[in-house]
Amino acid sequence: MIALYTLMEGIIAFFLIAGSIFALIGSLGLARMKDFYMRLHGPSKISTLGVGCVLLASIAYFSLLDGGPSLRELLITIFLFITAPVSAHLLSKSALHQKLERDPRTRGNPEELQEDDDERTLEETPQGSSKLP
Amino acid sequence: MLDFALKISVALFAIAIVLNLYRVAVGPSLPDRILALDTMYVNSIALIVLFGIWLGHRTYFEAALLIAMLGFVSTVAVCKYLLRGDIIE
């Protein structure tokens, strides 16, 4: 029985350390990278993984404390895994909408960031009065 | 061993939140700040769960769930405001 407790303690400690290191790497990427499109990568990939590891440790700890499975923390994990891509998508859409500057090393050439000359001609075309009464 | 690991992971999460606060203060544009706040609420969920493990208490689970839901809703609301100039059309 004591061997089981020692083993579970080691597993919980491993998950705690791994999760906090993941979260620290994500936040370091958020603080260090050059432009917004690079900065979006770190937190949205890493922080959910870090919190997922911590929640796994919490599940293991409370299961050991109760002597039975306690799966309530899975709710937070599932919720974060569903919502993190949605918020990252909305953030990138709003960044493209604001036409944020980008580092020259950032790849890709999305439509929203290209210099468009068509806007001018669209404005200058006569609207044309409608024939309807 | 568990005490030691808990202390180390609380310290690492605190450093992560300080880095997010730096990005909130410095971040040159609005989406940067929203992204930093988004990361900050995810990290604070982990801090609350760690606090619950430390005390051996189950009460803090509900607080973490509430922060998760309200954080997602607020991020989506601010992004919609930036995109559309309005939240509910």
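Numbered from 1 within each chain, the chains take letters A, B, ... in sequence-line order. Since the model is a prediction, treat every value here as computed from it, not as a measurement.
- Contact record, A:Leu100 with B:Pro31: CD1-CG, 4.1 Å, taken as the closest heavy-atom pair.
- Heavy-atom neighbours of B:Arg84 CZ from other residues, nucleotides or ligands within 6.0 Å: at or below the threshold of 12.
- For a residue to count as touching a neighbouring chain, one of its non-hydrogen atoms must lie under 4.5 Å from one of that chain's; by this rule A:Leu96 does not touch chain B.
- Between B:Phe61 and A:Leu75, the shortest heavy-atom distance links the atoms CZ-CD1, 4.3 Å.
- Listed options B:Leu30, B:Leu35, B:Ile45, B:Thr39 were ranked by heavy-atom pairs under 4.5 angstrom with chain A; first place goes to B:Leu35.
- Using a 4.5 Å cut-off between heavy atoms, B:Met40 makes no contact with chain A at all.
- Interatomic distance, B:Arg58 CZ to A:Asp66 CG, rounded to the nearest 0.5 Å: 4.5 Å.
- Put simply, CD1 on B:Ile48 and OG on A:Ser58 are 12.0 Å apart, with the number rounded to the nearest 0.5 Å.
- Contacts of A:Leu65 with chain B are made by side-chain atoms alone, with heavy-atom separations under 4.5 Å and no backbone atom involved.
- Heavy-atom pairs under 4.5 Å with chain B peak, among A:Thr6, A:Leu30, A:Leu24, A:Val54, at A:Leu30.
- For B:Asp38, the part lying near chain A is the side chain, with the backbone staying farther off; criterion is any non-hydrogen pair under 4.5 Å.
- Criterion: ILVMFWY side-chain heavy atoms under 4.5 Å apart, direct or through other members. Under it, A:Leu80 and A:Val86 are part of a common hydrophobic cluster.
- The heavy-atom pair separating A:Ser27 from B:Asn20 by the smallest distance is OG-OD1, 3.4 Å.
- Contact count versus chain A (heavy atoms, under 4.5 Å) is highest, among B:Ala36, B:Ser9, B:Ala11, for B:Ser9.
- Taken together through direct or relayed side-chain contacts under 4.5 Å among Ile, Leu, Val, Met, Phe, Trp and Tyr, B:Phe72 and B:Met69 form part of one hydrophobic cluster.
- For chain B, the nearby parts of A:Phe36 are the backbone and the side chain; heavy atoms of each come within less than 4.5 Å.
- Between atom CG of residue B:Leu83 and atom CG of residue A:Leu91 there is a gap of 9.5 Å, rounded to the nearest 0.5 Å.
- Note: B:Asp32 leads B:Val49, B:Ile8, B:Asp32 in heavy-atom pairs under 4.5 Å with chain A.
- Near-neighbour residues of residues 43-50 of chain A relative to chain B, defined by a heavy atom under 4.5 Å from a heavy atom of that chain, comprise A:Pro43, A:Ser47.
- Annotation: maximal heavy-atom pairing with chain B below 4.5 Å, among A:Val51, A:Leu16, A:Thr83, occurs at A:Thr83.
- Residues B:Leu82 and A:Gln98 are in side-chain contact: their nearest non-hydrogen atoms beyond the backbone lie under 4.5 Å apart.
- Most heavy-atom pairs under 4.5 Å with chain A: of the set B:Leu19, B:Leu50, B:Asn43, this distinction falls to B:Leu19.
- Closest non-hydrogen pair, B:Arg23 versus A:Met33, comes out as NH2-O, 4.2 Å.
- No side-chain heavy atom of A:Leu90 sits under 4.5 Å from any side-chain heavy atom of B:Thr75.
- In this structure, NE2 on A:His97 lies 11.5 Å from SG on B:Cys79, to the nearest 0.5 angstrom.
- Shown here for A:Ala23 and B:Phe13, the closest heavy-atom pair between the two residues is CB-CE2, 3.3 Å.
- For A:Glu101, there are no side-chain contact (heavy atoms from CB on, under 4.5 Å) partners at least two apart in sequence or on another chain.
- Between B:Leu2 and A:Glu9 the shortest heavy-atom distance is N-OE2, 3.2 Å.
- Taking CG of A:Leu28 as the reference point, atom CD1 of B:Ile15 lies at 10.0 Å (rounded to 0.5 Å).
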